> 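Attaching a single structure in structure tokens format; questions to follow.
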Amino acid sequence: MKLAFAGKGGVGKTTLTAWVADYLAAQGEDVWLVDADTALSLGQASGLSREALPDPLIRRDDLIRERIGSGMLHLNPDVSDLPESIAVDLPLGRPPRQDITPGKKRLLVMGSVSGAGGGCACEANALLKAMLANLIIERNEWVLVDLEAGVEHLGRGTVASADGLVVVSEPSRRGLDTAADVAKLGRELGLANQALVLNRAEPTDIPRINGLPERTLFMPELPELKARQLSDPAVVGLADHTQPDEIANKLLNALGRQV
Ligand SMILES: Nc1ncnc2c1ncn2[C@@H]1O[C@H](COP(=O)(O)OP(=O)(O)OP(=O)(O)O)[C@@H](O)[C@H]1O
Ligand SMILES: [Mg+2]
């Protein structure tokens, strides 16, 4: 199953992506984590040290030249070997269960795919898009994509081939307005299976805003995470991962997949 995580800045997209991945791996599932944000924080959120972070694909001039070329661009390159060759393994954020061999968590750091028509990082964009398309369209594995804001940067065909959109918001009008915009665009591009996660929120009535995903889940603020975030960028490896696991499980159920 391929899921994209989107929403306004700072609402918890990366946190939720890291939590769902860790939950899946703990259940024995292999999962690709794709960091498609400019801030490149998914690796550290998943417990990787800063030094161990790979160069984002968008800056891998060697690969861009090799696969896309320059001048006459090769826009449909073969990238089927690329995910395996550039991925970095992420540690499981908890002691493994005795009865389940944990799945692999593999991180792909892409950088941000810029929207159509902007400037010319054409070669880099072409490579990013080709790799995303390979993961999302051609493979049958768990792929979680942490996006910058909306889904449009994924490209039409790629969005339509994802299986679910997780729209993350904080309980604020601005967050919800962005969430509704992202959800509408997702639907227009053919991604109708959606869930809204209201992060740092207690279950409460939310205003009726046209376009929000119908299914809403609530994730409370975690004091343990809040207390340590000044000193540690990781959001996994908490002493108590009950609530992150619960939200991951409910979210996957809401999107139609029981794990
Ligand atoms: N439920 C929560 N309880 C406590 N802290 C949280 C919770 N969710 C997220 N945080 C903290 O909030 C901060 C922002 O979260 P995160 O980086 O996941 O947001 P984001 O939407 O990915 O941001 P950006 O738009 O910058 O990529 C992080 O420091 C994270 O540890
Ligand atoms: Mg983020």
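As the structure lists them, so they are numbered: ligands from 1, and atoms in each ligand from 1. In this text the structure is predicted, and so the values were computed from the model without any measurement.
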> Which protein heavy atom lies closest to atom 19 (O) of ligand 1, and at what distance to 0.1 Å?
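The closest heavy atom on the protein side is Gly12 N, 3.0 Å.
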> Please tell me whether Leu24 and Ile100 are part of a single hydrophobic cluster in this structure, the criterion being side-chain heavy atoms less than 4.5 Å apart.
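Looking at the clustering, Ile100 is in a separate group from Leu24.
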> Taking C-beta and beyond as the side chain, do Phe218 and Glu202 meet within less than 4.5 Å on heavy atoms?
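Not in contact.
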> Less than 4.0 Å is my threshold; does some heavy atom of Gly7 fall inside it relative to ligand 1?
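False for this residue.
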> Whether the side chain of Gln44 engages the backbone of Ser49 through a donor-acceptor N/O pair (distance < 3.5 Å, no angle test) should be reported.
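No, the answer is negative, given that no donor and acceptor are paired below the 3.5 Å cut-off.
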> Find all atoms of ligand 1 within a distance of less than 4.0 Å from any non-hydrogen atom belonging to Pro220, and give their numbers and elements.
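It comes down to these atoms of ligand 1: 1 (N).
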> Atoms of ligand 1 less than 4.0 Å from Asn199 heavy atoms?
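Those qualifying, in numeric order: 1 (N), 2 (C), 7 (C), 8 (N), 9 (C).
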> I'd like to check which ligand 1 atoms, numbered from 1 as shown, lie under 4.0 Å from a non-hydrogen atom of Glu221.
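Heavy-atom distances to Glu221 below 4.0 Å select 1 (N), 3 (N), 4 (C).
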> Distance only, no hydrogens: is a donor on one side chain within 3.5 Å (strictly under) of an acceptor on the other, for Asn193 and Arg215?
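Checked: Asn193/Arg215 side chains pair up, N/O donor to acceptor below 3.5 Å.
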> Apply the test side-chain hydrogen bond (donor to acceptor under 3.5 Å, both in side chains) to residues Asn134 and Ser80: give CA-CA distance (whole Å), side-chain angles for both, the deciding distance (0.1 Å), then the verdict.
CA-CA 6 Å; Asn134 173 270; Ser80 48; 5.2 Å; no
> Could you check whether Glu84 pairs with Arg139 (Lys NZ or Arg NE/NH1/NH2 to Asp/Glu carboxylate O, under 4.0 Å)?
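Salt bridge present between Glu84 and Arg139.
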> Tell me: protein heavy atom nearest atom 17 (O) of ligand 1, and distance?
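Protein heavy atom with the smallest distance to atom 17 (O) of ligand 1: Thr14 CB, 4.1 Å.
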> Flag Gly10 as yes when one of its N or O atoms lies below 3.5 Å from any N or O atom of ligand 1, and as no otherwise.
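There is such a contact, yes.
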> Sorted by chain and residue number, which protein N/O/S atoms are under 2.8 Å from the Mg ion (ligand 2)?
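Only Thr14 OG1 fall inside 2.8 Å of the Mg ion (ligand 2).
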> Should Val11 be counted as touching ligand 1, given the test is an N or O pair under 3.5 Å?
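For ligand 1, there is an N or O atom that lies under 3.5 Å from one belonging to Val11.
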> Can you check whether Met219 has an N/O within less than 3.5 Å of an N/O in ligand 1?
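No: no nitrogen or oxygen of Met219 is under 3.5 Å from one in ligand 1.
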> Test your reading of the model: is there a side-chain donor-acceptor pair from Lys184 to the backbone of Ala179, 3.5 Å cut-off?
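Looks like no, no N/O pair under 3.5 Å.
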> Could you check whether any side-chain heavy atom of Leu132 comes within less than 4.5 Å of a side-chain heavy atom of Val34, counting everything from C-beta outward?
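A side-chain contact under 4.5 Å exists here.
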> Do you know the tightest heavy-atom contact between Leu92 and Ala25?
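Scanning both residues completely, I find the closest heavy atoms to be CD1-CB, 3.7 Å.
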> To which protein heavy atom is atom 3 (N) of ligand 1 closest, and what is the distance rounded to 0.1 Å?
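Sorting protein heavy atoms by distance from atom 3 (N) of ligand 1 puts Leu222 N, 2.8 Å first.
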> Using a 4.0 Å cutoff against the non-hydrogen atoms of Lys13, which atoms of ligand 1 qualify?
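That gives atoms 18 (O), 19 (O), 20 (P), 21 (O), 22 (O), 24 (P), 25 (O) of ligand 1.
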> Applying a strict 4.0 Å limit to heavy atoms, is Ser41 in contact with ligand 1?
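No.
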> Examine the proximity of ligand 1 to Asp146 and report which part, side chain or backbone, both or neither, has a heavy atom under 4.0 Å away.
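Neither; no heavy atom under 4.0 Å.
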> Please list the nearest protein heavy atom to atom 15 (O) of ligand 1 with its residue and the distance rounded to 0.1 Å.
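It is Thr15 OG1, 3.4 Å.
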> Please say whether Leu225 places an N or O atom under 3.5 Å from an N or O atom belonging to ligand 1.
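By distance alone, the answer is no.
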> Counting each atom of ligand 1 from 1 as listed, which ones have a heavy atom of Asp37 under 4.0 Å away?
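Under 4.0 Å from Asp37, ligand 1 has these atoms: 27 (O).
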> Hey, is ligand 1 close enough to Gln229 that some N/O pair sits below 3.5 Å?
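Yes: some nitrogen or oxygen of Gln229 is under 3.5 Å from one in ligand 1.
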> Among all residues two or more places apart in sequence or in another chain, which pass the salt bridge (Lys or Arg N to Asp or Glu O under 4.0 Å) test with Arg94?
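In terms of salt bridge (Lys or Arg N to Asp or Glu O under 4.0 Å), with neighbours along the sequence ignored, Arg94 is linked to Asp22, Asp245.
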> Determine whether Leu33 and Leu42 make a side-chain contact, defined as any pair of heavy atoms from C-beta on separated by less than 4.5 Å.
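Yes, close enough: below the 4.5 Å cut-off.
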> With a cut-off of 4.0 Å, which atoms of ligand 1 are near a heavy atom of Val235?
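Heavy-atom distances to Val235 below 4.0 Å select 31 (O).
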> At less than 4.0 angstrom from any non-hydrogen atom of Gly9, what atoms of ligand 1 do you find?
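Counting atoms of ligand 1 from 1, those under 4.0 Å from Gly9 are 25 (O).
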> Can you name the nearest heavy-atom pair linking Lys104 to Asp30, along with the distance?
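Distance-wise, the nearest heavy atoms are N-OD1, 2.7 Å.
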> Are any of the side-chain nitrogens in Asp61 or Arg65 under 4.0 Å away from the carboxylate oxygens of its partner?
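Judged by the 4.0 Å cut-off on N to carboxylate O distance, Asp61 and Arg65 do not form a salt bridge.
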> Identify, for atom 13 (C) of ligand 1, the protein heavy atom at the shortest distance, and state residue, atom and that distance.
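Nearest protein contact, heavy atoms only, for atom 13 (C) of ligand 1 is Arg200 NH2, 3.4 Å.
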